Amino acid sequence: MQIPGGLKNSVVFLGVMEGKTFKPKATGFFVGIDTKYGAILHLVTAEHVIAGLTAKGHKEVFVRTGIEDFPISPLPLSGWFFHPDAEKNPVDVAISPVGLRGTTKVDIEVLSLDAFVTPENIEQRGWGVGDEIIVIGLFRNHYGKTKNIPLVRVGSLAAMPEEPVKTKWGFIDAYLVELHSIGGLSGSPVFIHHPPVIIRKGGKVEVITGPRLNLLGIMQGHFDIPDLKEDSVVEDDGKNGSINTGVGVVVPAYKIIETLNQPDMKAERDKMADRAEKDAATPDSLPIEEGSPPASDANPNHREDFMRLVGAAARKPAPKD
């Protein structure tokens with residue numbers, strides 16, 4: 001299976017600044033929701049990434065795209081929304097509304113909700129254990145100096161979310177995948193591949209239309225064997241010396257939809273649309289504009305333009321480790 005070249009442009013690296021040096025820690029990706037004023041973009045990653053940086057005293061997370069020499073931009077850690085049930089039941093989804101001025105659709109690939117795997121379409125499409133999956137995200141040993149170099153890893157779906165999976169944060173609904181998840185892949189998009197033809201029960205051959213790669217979910221972590229006697233799930237922070245079992249944990253894509261559809265996020269999008277209507281020339285919710293000029297020295301404001309909207313203050317504080 002060959003990966004469409006543009007799909008790697010859907011991810012960004014999240015990290016911290018050490019002096020003038022960017023240190024990537026995790027991965028994120030963009031999801032768009034259409035409004036009458038254009039697409040409102042949402043940066044998605046794993047909640048434990050945001051919580052971990054907050055617990056270490058950071059006030060903001062820095063975002064670097066795959067656009068060469070594009071400015072590294074900060075987002076406040078207070079501007080993230082989490083799943084509405086996260087305080088009662090761990091989910092591990094974090095979302096922040098963002099704006100991207102000075103980019104084109106070639107620069108940034110925005111994922112559509114239509115391409116998400118959901119409980120409603122999974123049976124119709126015939127997805128199941130053994131299907132091929134890919135993960136696109138950060139490889140800390142080679143991530144690029146002037147732009148991101150995302151790594152593509154290929155594996156297979158190993159188990160459906162029939163029973164909650166035990167993690168260090170509690171039991172969560174998750175897929176299990178056969179994949180060597182490593183430090184930096186936390187928050188990465190996980191796609192499932194669908195062949196053009198499937199064989200239904202009874203031997204009936206059916207041609208499947210629609211996207212060949214659909215978003216299965218968010219990479220959360222992997223199972224480790226710390227001492228060869230006890231199994232546990234750890235986040236992909238690259239700081240453990242345990243044996244990686246090669247089984248990864250993926251938060252379902254429909255958990256992203258549930259987070260996007262919570263009343264607080266809907267209200268924020270309404271506010272953004274209202275601001276765009278009042279100031280149509282320079283709206284706060286900036287869509288990716290076809291044909292808009294890329295960031296360059298000719299655009300001295302590209303740093304401010306890149307992520308002018310840093311998101312509303314989260315209605316709930318990030319949980320501590």
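These numbers come from a predicted model, not from an experiment.
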Quick one: list whatever passes salt bridge (Lys or Arg N to Asp or Glu O under 4.0 Å) with Glu258, sequence neighbours left out.
Lys255
Any Ile134 side-chain heavy atom under 4.5 Å of Arg153 side chain
no
Min side-chain heavy-atom separation Thr45-Trp80 under 4.5 Å:
yes
Applying side chain to side chain contact (heavy atoms under 4.5 Å, CB included), run through Tyr175 and Val117 and close with a yes or a no.
CA-CA 12 Å; Tyr175 298 98; Val117 176; 3.9 Å; yes
Nearest 0.5 Å, please: how far is OG1 in Thr27 from CG in Leu138?
5.0 Å
If I compare all heavy atoms of Asn121 with all of Phe116, which pair ends up nearest, and what's the gap?
ND2-O, 2.9 Å
Hey, any chance Tyr254 and Leu157 share a hydrophobic cluster, counting ILVMFWY side chains that come within less than 4.5 Å of each other, even indirectly?
no
Do Leu176 and Phe171 sit in one hydrophobic cluster, given that two such residues count as connected whenever their side-chain heavy atoms are within less than 4.5 Å of each other, even indirectly?
no
Could you state whether Leu53 and Leu75 fall into the same hydrophobic cluster, counting links through intermediate Ile, Leu, Val, Met, Phe, Trp or Tyr residues with side-chain heavy atoms under 4.5 angstrom apart?
yes
Which distance, rounded to the nearest 0.5 Å, do you find between the CG of Leu215 and the CG of Leu111?
6.0 Å
Looking only at atom types and distance, does a side-chain atom of Arg269 sit under 3.5 Å from a main-chain N or O of Pro97, one as donor and one as acceptor?
no
For the pair Glu120 and Ile122, evaluate side chain to side chain contact (heavy atoms under 4.5 Å, CB included) and give the outcome as yes or no after the intermediate values.
CA-CA 6 Å; Glu120 290 73 30; Ile122 194 167; over 6 Å; no
Lys25 versus Val16: any side-chain heavy-atom pair under 4.5 Å?
yes
If you take all heavy atoms of Phe22 and Phe13, which pair is closest and at what distance?
CZ-O, 3.8 Å
Run the numbers on Leu179 and Met219 for side chain to side chain contact (heavy atoms under 4.5 Å, CB included), then give the verdict.
CA-CA 10 Å; Leu179 180 93; Met219 196 73 207; 4.2 Å; yes
If the test is side-chain contact (heavy atoms from CB on, under 4.5 Å), which one of Val152, Asn148, Ile149, Leu151 qualifies with Lys8?
Val152
One should read off an interatomic distance between Glu47 CD and Phe82 CZ, to the nearest 0.5 angstrom, of 5.0 Å
Can you tell me if Ser96 and His42 form a side-chain donor-acceptor pair at under 3.5 Å?
no
Nearest 0.5 Å please: distance from the CG atom of Asp173 over to the CE atom of Met160.
12.0 Å
So, does Asn89 use its side chain to make a donor-acceptor pair with the main chain of Ala86 at under 3.5 Å?
no
Of the non-hydrogen atoms in Ser186 and Gln220, which two are nearest, and what is the gap between them?
OG-O, 3.3 Å
With heavy-atom distances below 4.5 Å as the criterion, would you say the side chains of Phe62 and Leu14 are in contact?
no
Least distance between heavy atoms, Phe29 atom then Ile256 atom
CZ-CD1, 3.9 Å
Side chain to side chain contact (heavy atoms under 4.5 Å, CB included) between Ser156 and Glu132, worked out
CA-CA 4 Å; Ser156 60; Glu132 193 171 39; 5.8 Å; no
Counting C-beta onward and ignoring hydrogens, is there a side-chain heavy-atom pair between Val31 and Leu113 closer than 4.5 Å?
yes
Are side-chain heavy atoms of Leu43 and Phe30 found at a separation under 4.5 Å?
yes
If you compare all heavy atoms of Asn261 against all heavy atoms of Lys266, which two are closest, and at what distance to 0.1 Å?
O-CE, 3.3 Å
Examine distances only and state if a side-chain atom of His58 and a backbone atom of Glu60 form a donor-acceptor pair shorter than 3.5 Å.
no
Of all heavy-atom pairs linking Ala174 and Val249, the shortest is CB-CG1, 3.6 Å
Can you confirm whether His193 sits close enough to Asp131 that some side-chain heavy atom of one is under 4.5 Å from a side-chain heavy atom of the other?
no
Any side-chain heavy-atom pair from Leu216 and Phe191 closer than 4.5 angstrom?
no
Interatomic spacing from CD1 in Ile218 to OG in Ser188 - rounded to 0.5 Å
10.0 Å
Thr167 side, atom OG1; Asp92 side, atom CG - distance, nearest 0.5 Å:
7.5 Å
